[in-house]
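Note sheet for the following structure.
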Amino acid sequence: MQFDPTLYVITDSSYHTEDSLLRAVSEACAGGATLIQLREKDAGGRDYLALALRVKEVTDRFQVPLIIDDRVDVALACGAAGVHVGASDLPVAICRSLLGPDRIVGATAKSVEAAKAAYADGADYLGTGAIYPTTTHVATKLTPVSTLNEICRAVPIPVVAIGGLQADNLNVLADSPIAGVAVVSAVMKADDPRAAAAAIRQRVLSMREKR
């Protein structure tokens, strides 16, 4: 499946009510988000699916692919574009088998070895980080930009940088061959998610042009 990883916005419900989360997703899409990931670490399957269906209504309006974090069953049930899995989730190869060849499977990779393994197992893109400390409730370990760059060069699929990124601290990635950036707080906590998304996307595009 074709997709654009330039600006990958990941949700965080801890900042929102359900209605304000949907508004933030809508504003992020209007501001130029190219992928949306629904991440609900503490939700049961029924609640996760109910929210995913509502979020997908929003992303469908903007023709932005929706990725579901962790849960292949929820991704299938809501008709999402794909799933993203980490090291403790279902293996990439199993996700690919369940989802088939036409949906997106993303994987977290913090080393060249993990990146090569995920690619070999059928991943369509990789998320690598954290580049900076984050304010999300997800456990993170900092990843040097040098490792990020090595991963980019080790696999032929898009690699997205993640972790504490926002429009004013992307300079560290200016020379990195990343395909895009993934953000959480920079958009989900912003007073104006549309403007925040637009600023980050423009910064990524500007860096890409200067490589």
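Numbering of residues begins at 1 and proceeds along the displayed sequence.
Applying the ring-ring contact (aromatic ring centres under 6.0 Å, His included) test to Tyr125 and every residue at least two apart in sequence or in another chain returns Phe3, Tyr8, His84. For the side chain to side chain donor-acceptor pair (under 3.5 Å) test, residues two or more places apart in sequence or in another chain that qualify with Asp73 are Arg71. Residues passing the side chain to side chain donor-acceptor pair (under 3.5 Å) test with Arg194 are Glu27, sequence neighbours excluded. For Asp69, the side chain to side chain donor-acceptor pair (under 3.5 Å) partners at least two apart in sequence or on another chain are Lys41.
The side-chain heavy atoms of Leu7 and Leu35, taken from C-beta on, include no pair separated by under 4.5 Å. Between Gln37 and Thr11 there is no side-chain heavy-atom pair separated by less than 4.5 Å.
Judged purely by atom type and a 3.5 angstrom limit, Asp60 has no side-chain atom pairing as donor or acceptor with the backbone of Gln63. Side-chain atoms of His16 do not come within 3.5 Å of backbone N or O of Lys189 as any donor-acceptor pair. Within the 3.5 Å criterion, the main-chain N or O of Gly86 finds a donor-acceptor partner in the side chain of Asp89. A donor-acceptor pair under 3.5 Å is absent between the side-chain atoms of Thr143 and the main chain of Ile131, judged by distance alone. At least one donor-acceptor pair closer than 3.5 Å links the side chain of Arg208 to the backbone N or O of Ala179. A donor-acceptor pair under 3.5 Å is absent between the side-chain atoms of Arg39 and the main chain of Asp70, judged by distance alone.
Among pairs with a residue in residues 96-109, those fulfilling salt bridge (Lys or Arg N to Asp or Glu O under 4.0 Å) read Arg96-Asp124, at least two apart in sequence or across chains.
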Throw together a table of side-chain donor-acceptor distances under 3.5 angstrom for residues 160-174, partners on residues two or more places apart or in other chains.
from, atom 1, to, atom 2, distance (Å)
Asn169, OD1, Gln166, N, 2.8
Asn169, ND2, Gly164, O, 2.9
Asn171, OD1, Arg203, NH2, 2.2

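Rounding to the nearest 0.5 Å gives a distance of 10.0 Å between OG1 of Thr128 and CG of Asn149.
Side-chain atoms of Ser206 and Gln202 form a donor-acceptor pair, as typed in the model, at a separation below 3.5 Å. Counted by atom type alone, Thr17 and Asp19 present zero donor-acceptor pairs between their side chains at under 3.5 Å. Using a 3.5 Å distance cut-off with no hydrogens or angles, the side chains of Thr34 and Arg201 do not pair a donor with an acceptor. Side-chain contact annotation: Ser185 with Tyr15, donor-acceptor N/O pair under 3.5 Å present.
At a threshold of 4.5 Å between side-chain heavy atoms, the hydrophobic network of Ile, Leu, Val, Met, Phe, Trp and Tyr places Leu66 and Val187 in one connected group.
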